[in-house]
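All remarks here apply to the structure that follows.
What you see below is based on every heavy atom in this structure, not just the backbone, and it leaves out hydrogens, waters and symmetry mates. In what follows, every chain begins at residue 1, and chains take the letters A, B, ... in the order their sequences are listed.
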Number of protein chains: 2
Amino acid sequence: MSSRQDGNRDEKRDEAAVARFVERFAAELTAAGMQRMAARVFSALLASDAGSMTAAELAETLSISPAAVSGAVRYLTQTGMIGREREPGTRRDRYRLYDDVMATALTRRDQLLVRWEKQLREGADALGPHTPAGTRMTETADLFAFMQQELEETLLRWQERRAGARADD
Amino acid sequence: MSSRQDGNRDEKRDEAAVARFVERFAAELTAAGMQRMAARVFSALLASDAGSMTAAELAETLSISPAAVSGAVRYLTQTGMIGREREPGTRRDRYRLYDDVMATALTRRDQLLVRWEKQLREGADALGPHTPAGTRMTETADLFAFMQQELEETLLRWQERRAGARADD
DNA sequence: CGCTTCTTTCAGAATTTTGTGAACACTCAG
DNA sequence: CTGAGTGTTCACAAAATTCTGAAAGAAGCG
């Protein structure tokens, strides 16, 4: 038997399985706060062999309008998760997943921590640094500062590891 | 001058400053995906000296209905960010921020990584582990596995540091 | 028990978000 | 220039979300 349980050892893509993955993974991303269409486009790209698709292909596979593709693609481009490239000799754009998308997305996380830390310190100052609330907020700000540092180091370690793995190829 | 710029060195809370902080911080949390009312309640608790408030106080300071408080509080309780406690001798509940809320919230992040990794591995298997898409997804899953490990260690280091700081008191 | 005080639930109004269709804009090929 | 092939914008319809008031539900207190 070569059913879906034991994976795909054939050459051709099981489009139904792809669609299932795309929808499930997109749902996770949506739950985590990403816009629905952006999440679906992103997932579709992730599951594409080329790592890139045209707007038409996206509209087709996801059953959405060109307008929806446009919106999703704008979001993903602005947030630096995908790039747009033009196929030479044609008018068609391809939208391509950047390498290490997830790793760079996590870097952006870092910026969130910076902002939160800043606001907490301002808050602590406004409330009075020696009040109970002020103290609590300072401690929380310290945690965020710590996380920034650690996240940075973690990403460096990941880069090293990736570099090592690539050297083995 | 003792304006708001240079912090509050007086005893009494500058309620206007508190309100500003609450709204700003809540806005950040909302942008990061938290429900609006939950974010406001959470921020208000964070800025409260006692680290806890009654439903009535929350409704009052945030200008929202008891129903809204109820909803927000349910969400925060379910996600384990606050606890409910009854004031002895009264019928009033107090909602209290857990210690190290943020640190434990980050622990929950970890569960997200677990789920995402799992889905990616399933996806890679469904698409065929040796296809380009399958390979990409496996690599991404590896990143998430790595992040889980690192996040865990980071939180341990934070606990240690906290323990050390508390011992100094 | 019943009253009083709080909390929760629920239906609905208001708002916001989302996705579409259609018009518009851009770009290259001839 | 013109026209075909693509991408984007915008107004609107549909759907989801959010918050409220009102009513119902607990839980202590006399």
TODO: Compare the minimum distances between each of dC19(D), dG21(D), dT7(C) and the side chain of Ala67(B), then state the nucleotide with the smallest one.
DONE: dG21(D)
- [ ] Using heavy atoms to find the nearest nucleotide of DNA chain C for Gln35(A) and Gly89(A) separately, return the residue whose nucleotide is more 5′.
- [x] Gln35(A)
- [ ] Kindly say whether, by distance alone, the side chain of Arg74(B) makes a donor-acceptor pair under 3.5 Å with the base of dT8(C)?
- [x] no
Open item on the list: By the 4.0 Å heavy-atom rule, please label Gly71(A) as base, sugar-phosphate, or nothing.
Closed with: nothing
TODO: Report the nucleotide, chosen from dT7(C), dT6(D), dT8(D), that has the shortest atom-to-atom distance to any side-chain atom of Pro66(A).
DONE: dT8(D)
Task: Polar contact flag, side-chain donor to acceptor under 3.5 angstrom, Gln149(A)-Glu153(A) - done: yes
TODO: Measure from the side chain of Arg86(B), starting at C-beta and using heavy atoms only, and say which of dT20(C), dG28(D), dG21(D) lies closest.
DONE: dG28(D)
Task: Of the listed nucleotides dT8(C), dC19(D), dT9(C), the one nearest the side chain of Arg36(B) - done: dC19(D)
Open item on the list: Quiz question: by atom type and distance under 3.5 Å, do the side chains of Thr54(A) and Arg92(A) form a donor-acceptor pair?
Closed with: no
Open item on the list: If you compare every side-chain N and O of Arg91(B) against the phosphate oxygens of dA26(D) (OP1, OP2), does one of them come in below 4.0 Å?
Closed with: no
Open item on the list: Under 4.0 Å, counting only non-hydrogen atoms across every strand here, what does Arg40(B) touch: a base, just sugar-phosphate, or nothing?
Closed with: nothing
TODO: Return no unless some side-chain N or O of Arg94(B) is found under 4.0 Å from OP1 or OP2 of dC6(C).
DONE: no
Open item on the list: With a 4.0 Å limit, can you tell me whether Arg92(A) has a side-chain N or O closer than that to the phosphate oxygens OP1/OP2 of dT6(D)?
Closed with: yes
Task: Lys/Arg-Asp/Glu bridge criterion (N-O < 4.0 Å) met for Arg136(B), Asp99(A) - done: no
Open item on the list: Test your reading of the model: is there a side-chain donor-acceptor pair from Asp14(B) to the backbone of Ala17(B), 3.5 Å cut-off?
Closed with: yes
